[in-house]
2 protein chains.
Amino acid sequence: MSERGSGTATREAIRAAAARLFLERGYARTPVRDIAGEAGVNAALVIRYFGSKEELFLETMRLTIDDEPLLDVPIASFGRRFVEVVLSTDDIRGVYLALVRGSGERRIAERLREVHEQALVAPLRARLSGADADLRARMAAAAVGGLLYSLWVVGDESLADDREELVARYGAIVQQLVSPQP
Amino acid sequence: MSERGSGTATREAIRAAAARLFLERGYARTPVRDIAGEAGVNAALVIRYFGSKEELFLETMRLTIDDEPLLDVPIASFGRRFVEVVLSTDDIRGVYLALVRGSGERRIAERLREVHEQALVAPLRARLSGADADLRARMAAAAVGGLLYSLWVVGDESLADDREELVARYGAIVQQLVSPQP
DNA sequence: GTCTATATGCAGATAGAC
DNA sequence: GTCTATCTGCATATAGAC
């Protein structure tokens with residue numbers, strides 16, 4: 001294998017280890033040394049390749065929501081379906097938690113803003129029209145964000161108890177937010 | 001002045017400096033040395049008095065919401081009023097942000113849970129009755145938490161644009177959540 | 001080119017001098 | 001009651017081994 005091939009493989013090993021550890025422990029509680037150890041290389045190499053711990057974090061903590069399950073949903077049941085999709089998409093929880101907790105760093109906060117915009121606001125906005133469509137989409141995104149926040153950051157166990165009922169009732173609220181005002 | 005008197009004054013100076021800096025910069029970005037400098041003492045003394053940086057943080061980042069403005073509000077306009085109070089209470093923003101961003105630490109996460117419970121869930125719960133009162137209070141608290149999250153953690157500027165309209169419309173949603181289901 | 005060993009500088013924390 | 005000296009562990013930078 002060429003020098004470049006080996007380098008690329010190592011790069012990937014570092015990226016994979018970093019993603020795993022950042023998702024599991026978050027930014028502050030993940031030393032570069034642990035990432036290096038897991039990837040089987042020296043800590044200095046991690047910095048060599050990625051510039052800094054923060055760069056590596058931003059490189060790995062990306063999120064694209066698959067909105068395919070949302071495409072054919074009738075507008076009337078969209079709220080409920082959206083809550084369902086957000087809660088059951090695998091990667092969201094870890095990335096979201098890591099970004100929120102790391103958001104004291106300026107660039108991590110920027111990434112959180114992008115993810116919020118792309119994963120929550122945009123899919124909602126796409127289904128709305130009218131003069132206040134933007135405001136409605138942002139309020140609905142806030143409500144959904146609040147659900148993730150309560151479940152994952154605050155850790156409100158009682159809320160998680162009955163998943164079915166939560167999806168139904170909270171979904172109805174989101175629905176109300178995306179519906180035009182009477 | 002006695003040894004104890006001076007000690008207490010210094011203690012207070014440290015606490016005040018810590019509160020100011022934690023609110024301004026958050027947990028991770030506030031070195032103990034800066035707190036000591038601002039209080040005019042040695043960094044070791046800060047640890048001596050408070051045990052650890054984390055203890056000092058927990059000691060200073062408390063929050064009690066004044067729910068007096070909520071007592072006489074008719075139940076029908078409670079949602080709107082609650083949003084109004086939460087958004088206009090001075091200390092909330094700083095404490096909330098510091099706790100959320102520090103919540104990677106177990107004990108800080110616990111404090112966030114307490115604050116969420118006491119400042120959001122409890123006032124809502126107090127005004128509800130019925131079998132599903134607890135669930136409704138927790139969903140409403142999630143929605144309000146999501147508003148704070150969007151405004152302060154994510155920094156959704158568009159949402160903050162028209163404060164009047166935001167309070168009115170988001171308040172209506174909270175109202176819907178605390179109202180019994182048809 | 002790819003990687004390791006090692007140095008620098010800053011953090012929180014501790015021991016003990018005064 | 002307060003400070004100095006110091007330990008440990010962190011991210012990061014550099015030199016150079018292979």
Side-chain angles (χ1 to χ4, degrees), chain A residues 1-22 24-61 98 101-108 111, chain B residues 1-22 24-61 98 101-108 111:
Chain A
M1 63 190 81
S2 76
E3 320 80 40
R4 180 125 184 292
S6 155
T8 301
T10 302
R11 226 190 137 84
E12 272 321 302
I14 293 171
R15 196 199 306 272
R20 209 182 67 73
L21 290 174
F22 283 141
E24 204 176 297
R25 309 185 200 161
Y27 182 72
R29 300 176 63 97
T30 305
V32 172
R33 282 169 168 82
D34 286 11
I35 297 170
E38 179 126 338
V41 298
N42 186 279
L45 195 65
V46 175
I47 301 293
R48 272 244 152 182
Y49 274 158
F50 292 92
S52 70
K53 176 178 164 177
E54 190 177 284
E55 293 283 349
L56 177 56
F57 180 81
L58 290 169
E59 179 86 18
T60 49
M61 294 298 106
R101 292 180 171 154
S103 68
E105 303 295 325
R106 201 179 44 80
R107 298 183 58 197
I108 298 178
R111 173 62 54 82
Chain B
M1 62 193 82
S2 76
E3 321 79 43
R4 180 123 188 292
S6 155
T8 302
T10 302
R11 224 189 138 85
E12 271 322 302
I14 293 171
R15 195 200 305 273
R20 209 183 67 73
L21 290 174
F22 282 141
E24 203 176 297
R25 309 186 200 158
Y27 182 71
R29 299 176 64 96
T30 304
V32 171
R33 283 168 168 82
D34 286 11
I35 296 170
E38 179 126 335
V41 298
N42 187 277
L45 196 63
V46 174
I47 302 293
R48 273 261 147 161
Y49 274 159
F50 292 91
S52 72
K53 175 178 166 177
E54 191 177 284
E55 293 282 350
L56 177 55
F57 181 80
L58 291 169
E59 180 87 19
T60 50
M61 294 298 107
R101 290 181 173 153
S103 67
E105 302 296 325
R106 200 179 46 81
R107 298 184 58 199
I108 298 179
R111 173 61 54 82

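Letters A, B, ... mirror the listed sequences (proteins, then strands); counts begin at 1. Reckoned from all heavy atoms, side chains included, excluding hydrogens, waters and symmetry mates.
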(request) Decide yes or no on side chain to side chain contact (heavy atoms under 4.5 Å, CB included) for B/T30 and B/F57, but give the supporting numbers first. (result) CA-CA 10 Å; B/T30 304; B/F57 181 80; over 6 Å; no
(request) Look at B/T10 and D/dT2 and indicate whether a side-chain polar atom (N or O) is within less than 4.0 Å of OP1 or OP2. (result)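 For B/T10, the contact criterion (side-chain N or O under 4.0 Å from OP1 or OP2 of D/dT2) is met.
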(message) Using the side-chain heavy atoms of B/R33, tell me which of these nucleotides is nearest: D/dT4, C/dA5, C/dG12.
(response)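 Closest nucleotide to the B/R33 side chain: C/dG12.
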(message) By nearest atom, which of the nucleotides C/dA13, D/dT12, C/dG12 is closest to the A/S52 side chain?
(response)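 The closest nucleotide is D/dT12.
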(message) Please compare A/N42 and B/G40 by the position of their nearest nucleotide in DNA chain D and report the one closer to 5'.
(response)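 First, find each residue's nearest nucleotide; the 5'-ward one identifies B/G40.
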(message) Let me confirm one number: the CZ-CZ distance from B/R20 to B/R25, rounded to the nearest 0.5 Å.
(response)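 It comes to 7.5 Å.
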What is the distance, rounded to the nearest whole Å, between atom [atom1] of [X] and atom [atom2] of [N]?
X	N	atom1	atom2	answer
B/F50	D/dG1	CZ	P	14 Å
A/I47	C/dC3	CD1	P	15 Å
B/Y49	D/dG1	OH	C1'	6 Å
B/K53	C/dA13	NZ	P	8 Å
B/F22	C/dG12	CZ	P	9 Å
A/L45	D/dC18	CG	P	17 Å
A/E55	D/dA11	CD	C1'	14 Å
A/L56	D/dC10	CG	P	16 Å

(request) Would you state whether a donor and an acceptor, one from the side chain of A/R48 and one from the base of D/dA13, lie under 3.5 Å apart? (result)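 Side chain to base: no pair present.
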(message) Do the side chains of A/R29 and B/E105 get close enough for a salt bridge, i.e. N-O under 4.0 angstrom?
(response)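 Salt bridge present between A/R29 and B/E105.
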(message) Looking at B/G26, is its backbone amide N or carbonyl O close enough to the side chain of B/R101 to form a donor-acceptor pair, meaning the two atoms are under 3.5 Å apart?
(response)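 No; zero donor-acceptor contacts below 3.5 Å.
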